[in-house]
Amino acid sequence: MQSLSPLRSPRLLALCAALALAGCAAPGAGHAPLAQVTPAAAGLAETGTTAALPAPDWWTALGDARLNALVDQALQGNPSLAASRARFERAAALATASSTAGQPHGTLGIDATRQRYSANGLVPPPVAGHTYDSGNAQVGFSWTPDFFGRHAAELEAALGQARAAQADSAAAANQLAAQVARSYVALARLFAQRDVAQRTLAQRQQLLELSQQRTGAGLDSQVELTQAEAGLPEASTQIEMLEEQITLARRTLAVLCGQAPDAQQDLQPQLAQLALQEVPQALGVDLLGRRPDIVAARWRVEAAGQDIARARADFYPDISLSAFVGLNAIGLDQLLQGSSRQLGVTPALRLPIFEGTRLRAQLRGREAERDTAIAQYNGAVLDAVKQAGDAIASVQSLRRQQTLQAESARKAEQAYDFALQRFRAGLSGQVTLLQTETQVIVQRRLAVDIQARQLDSRINLMQALGGGWTDTTAQLQVSQR
C-alpha cells in the first residue's frame with residue numbers, strides 16, 4: 001500500500017493547520033491593576049527644597065567612639081545581615097542564569113565503551129555476539145531565539161528581584177545600625193537611672209541619720225524614724241532592678257553585634273557623652289523615595305510586571321534550533337576515520353494548543369502577584385511617611401518637654417533644699433521633707449527619660465530617612481563570569 005505524504009495532500013495539511021490554530025490559546029486583553037502605585041512623596045508637604053540626606057554613617061554624629069565600633073562590628077558579624085546579603089547573592093546569580101537563556105549553548109561529549117553485543121538483539125552480525133570497543137565524540141549547539149520577548153522578560157524580572165534583594169540588604173543594614181544605636185542609648189539610660197537611684201539611696205541614708213539624731217534628742221517619735229528606715233529598702237530594690245535590666249541590655253547588644261551574650265559585660269555608656277543631632281524641620285518630597293525598603297518594593301512591582309510579560313509570551317510559539325557534529329564508531333581504531341562522521345540539524349517549533357485554560361489561569365496569577373506587589377509598595381510608602389512624620393513630631397515635642405521639665409526640676413530642687421533647712425531647724429516635719437524629696441526624684445528620673453527619648457527619636461528619624469543610603473540598584477548588571 002502506498003504511503004500518504006503530507007506534501008501530496010494539501011487538504012490534510014490545511015486540516016492540521018486549522019486544528020492547530022483552533023487549539024491555540026489566546027491571552028486576552030488582560031486585567032488592569034486593582035490599585036495604582038502611590039507616589040513616595042504622598043502625605044509630605046511641598047517644601048520647595050529637598051532636605052539633605054543623612055550621612056551614610058549617621059550614627060557617628062552621636063559622638064561616641066564605642067558606639068561607632070559596635071555598629072561597625074554588627075554590620076560585619078550579625079548573622080541576620082549575613083543572611084540578607086546571601087539572599088542578594090542568590091538573586092544576582094539567578095539573574096545571571098536568566099541572561100543566558102537567549103544565547104547559543106554548546107556541549108562537548110567524549111565517551112568510550114567496551115560492550116558485548118547480544119547475538120539475539122537488534123545489532124546484526126558480525127557485531128552481534130562479540131565484544132567491541134566503541135567511541136563517540138560529538139559537539140552540539142542549541143539556540144532559542146527570543147522572537148516574542150520571553151527571555152527578555154525573564155531577565156528583567158530576575159534583575160528586578162536581584163535589585164530588590166540588594167535594596168533589602170541595605171534596609172537590613174540600616175535597621176541593624178538603628179537597633180544597635182537604640183540599644184546603646186537604652187543602656188545609657190539605665191546607667192543614668194541607676195545613678196539617680198544611687199543618689200536617692202544616699203539621700204535616704206542621710207535622712208535616716210538625721211532622723212536618728214532627732215529621735216535620740218526627743219524631737220521625733222518612733223513613727224518618723226520607722227518611716228525614714230523604710231525608704232532604704234525601697235531605694236535598694238530600685239537599684240537591683242536596674243542592675244538586672246543593665247545585664248539584659250548588655251547581652252542584647254552583644255548578640256546584635258554577632259558576639260557571645262556575655263561579651264560586653266564591661267560596657268557602660270553615658271547619656272552625657274551622646275550628642276543630639278540637628279534634624280530637618282520638614283522633609284523634601286523626594287526624600288522618602290530613597291529609603292531602601294521602598295526602593296525594594298518598587299523593584300518588586302517592576303519584576304511582577306515583567307512576570308506578566310513572560311506569562312503572555314507563553315501563548316506564542318517557542319522556536320529553537322539545535323545541531324550536532326561528531327564522530328561515532330564501533331572500534332576505536334575507526335573513530336577518527338572520515339566515514340565515522342555524523343551530523344544533524346534540528347529546527348523545532350512548539351506551539352501550545354488546547355492549553356488556553358491553564359495559560360490564562362497562569363496569567364491571572366501573575367497579575368494577582370502584581371496587584372499584591374503594588375499593595376505592598378503602597379503600604380511601605382504609607383508606613384514610611386508615618387514613621388518619618390512621627391519621628392519629627394517627637395523630636396519637636398521632646399525639645400519643648402525638655403525645656404519645661406528643666407524648669408520643674410529646678411523648682412523641685414529649690415523646694416527640697418528649703419524643706420531640708422526647715423526640717424533641720426525643727427520648723428517642719430519629716431512628712432513635708434519626704435513629699436518634696438519625692439518630687440525631686442520624679443524630676444530626676446523624668447530628665448533622664450526625656451534625654452534618652454530625644455536621642456532615640458533622632459535615631460528613629462535617621463532610620464525613617466533610610467540612613468543616608470544611596471540608591472545604586474539600577475546600576476546592577478548580571479555577571480557574565
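Every value quoted in this text rests on a predicted model; they were computed, and no experiment measured them.
- For the pair Gln161/Leu94, no side-chain contact is recorded, criterion being any heavy-atom separation below 4.5 Å from C-beta on.
- Taking 4.5 Å as the limit, every side-chain heavy atom of Val185 sits out of range of all side-chain heavy atoms of Leu67.
- Atom OG of Ser457 sits about 9.5 Å away from atom CE of Met462, to the nearest 0.5 Å.
- A donor-acceptor pair shorter than 3.5 Å cannot be found between the side chains of Gln175 and Gln463.
- Closest heavy-atom contact between Trp469 and Pro292: CZ3-CA, 3.4 Å.
- In this structure the side chain of Trp59 never reaches within 4.5 angstrom of the side chain of Val180, judged on heavy atoms.
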| task | Show your working on side chain to side chain contact (heavy atoms under 4.5 Å, CB included) between Thr113 and Tyr132 and close with a plain yes or no. | result | CA-CA 8 Å; Thr113 304; Tyr132 287 90; over 6 Å; no
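- Note: Leu242 CG to Thr247 OG1 = 11.0 Å, rounded to the nearest 0.5 Å.
- For the residue pair Gln401/Gln454, the side-chain donor-acceptor check at 3.5 Å is not satisfied.
- Smallest separation of non-hydrogen atoms from Ser99 and Gln103: O-NE2, 3.4 Å.
- A side-chain donor-acceptor contact under 3.5 Å links Arg163 to the backbone of Thr473.
- Atom CG of Leu122 has 12 or fewer neighbouring heavy atoms from other residues, nucleotides or ligands inside a 6.0 Å radius.
- The backbone N or O of Ala157 lies less than 3.5 Å from no partner atom in the side chain of Asp307, so there is not a single donor-acceptor pair.
- Atoms CG and OG, from Asn328 and Ser340 in turn, are 7.5 Å apart once rounded to the nearest 0.5 Å.
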| Between Arg300 and Tyr377, is a side chain to side chain contact (heavy atoms under 4.5 Å, CB included) present by the stated rule, with each step listed? | CA-CA 8 Å; Arg300 288 194 171 90; Tyr377 173 81; over 6 Å; no
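- Remark: the backbone N or O of Gly258 is not paired with any side-chain donor or acceptor of Asn78 at under 3.5 angstrom.
- In this structure, Tyr316 and Phe148 have parallel ring planes: the angle between them is below the 30° cut-off, well short of the 60° mark.
- Closest approach of Thr252 to Ser183, counting heavy atoms only: CG2-OG, 4.4 Å.
- For Arg116, the CZ atom counts as densely surrounded, since its 6.0 Å shell holds more than 12 non-hydrogen atoms of other residues, nucleotides or ligands.
- The shortest distance between side-chain heavy atoms of Gln265 and Arg251 falls below 4.5 Å.
- Using a 4.0 Å cut-off between a side-chain N of Lys or Arg and a carboxylate O of Asp or Glu, Arg358 and Asp314 do not qualify as a salt bridge.
- With salt bridges taken as basic N to acidic carboxylate O contacts below 4.0 Å, one links Arg182 and Asp456.
- In the displayed structure, Arg66 atom CZ is contacted under 6.0 Å by more than 12 heavy atoms of other residues, nucleotides or ligands.
- At a cut-off of 3.5 Å, with distance as the only test, a side-chain donor of Asp449 or Gln193 sits close to an acceptor on the other residue.
- Leu276 places a side-chain heavy atom less than 4.5 Å from the side chain of Leu455.
- A distance of 8.0 Å separates CD in Gln166 from OG in Ser169, rounded to the nearest 0.5 Å.
- Atom CD1 of residue Ile450 and atom CG of residue Leu271 lie 12.5 Å apart, to the nearest 0.5 angstrom.
- The backbone N or O of Ala464 sits less than 3.5 Å from a side-chain atom of Arg291, completing a donor-acceptor pair.
- In this structure a side-chain-to-backbone donor-acceptor pair under 3.5 Å is missing from Trp143 to Ser322.
- Across every non-hydrogen atom of Asp168 and Ala296, the tightest pair is OD1-CB, 3.2 Å.
- Using a 4.5 Å cut-off on side-chain heavy atoms (C-beta onward), Ile374 and Arg370 make contact.
- Within 6.0 Å of CZ in Arg453 there are 12 or fewer heavy atoms belonging to other residues, nucleotides or ligands.
- Between Glu369 and Arg366 there is a salt bridge, with a side-chain nitrogen of the basic residue lying less than 4.0 Å from a carboxylate oxygen of the acidic one.
- Looking only at side-chain heavy atoms (C-beta outward), Arg298 and Val301 stay at 4.5 Å or farther from each other.
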| message | Using the rule given for side chain to side chain contact (heavy atoms under 4.5 Å, CB included), can you reason through Arg364 versus Glu367, listing the C-alpha separation, both sets of side-chain angles and the distance that settles it, and then say yes or no? | response | CA-CA 5 Å; Arg364 287 197 301 271; Glu367 290 171 339; 4.2 Å; yes
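- Residues Ala95 and Ala162 come closest through the heavy atom pair CB-CB, 4.4 Å.
- Residue Arg350 comes nearest to Ser320 through the heavy atom pair NH1-OG, 3.6 Å, listed as atom of the first residue, atom of the second, then distance.
- Rounded to the nearest 0.5 Å, atoms NE2 (His151) and OG1 (Thr100) are 9.5 Å apart.
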| request: Start with the C-alpha gap between Asn68 and Leu62, add the side-chain angles, then the distance that decides, and say whether side chain to side chain contact (heavy atoms under 4.5 Å, CB included) holds. | output: CA-CA 9 Å; Asn68 299 342; Leu62 293 170; over 6 Å; no
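- Looking at heavy atoms from C-beta onward, Ser339 lies out of side-chain contact with Gln334 at the 4.5 angstrom threshold.
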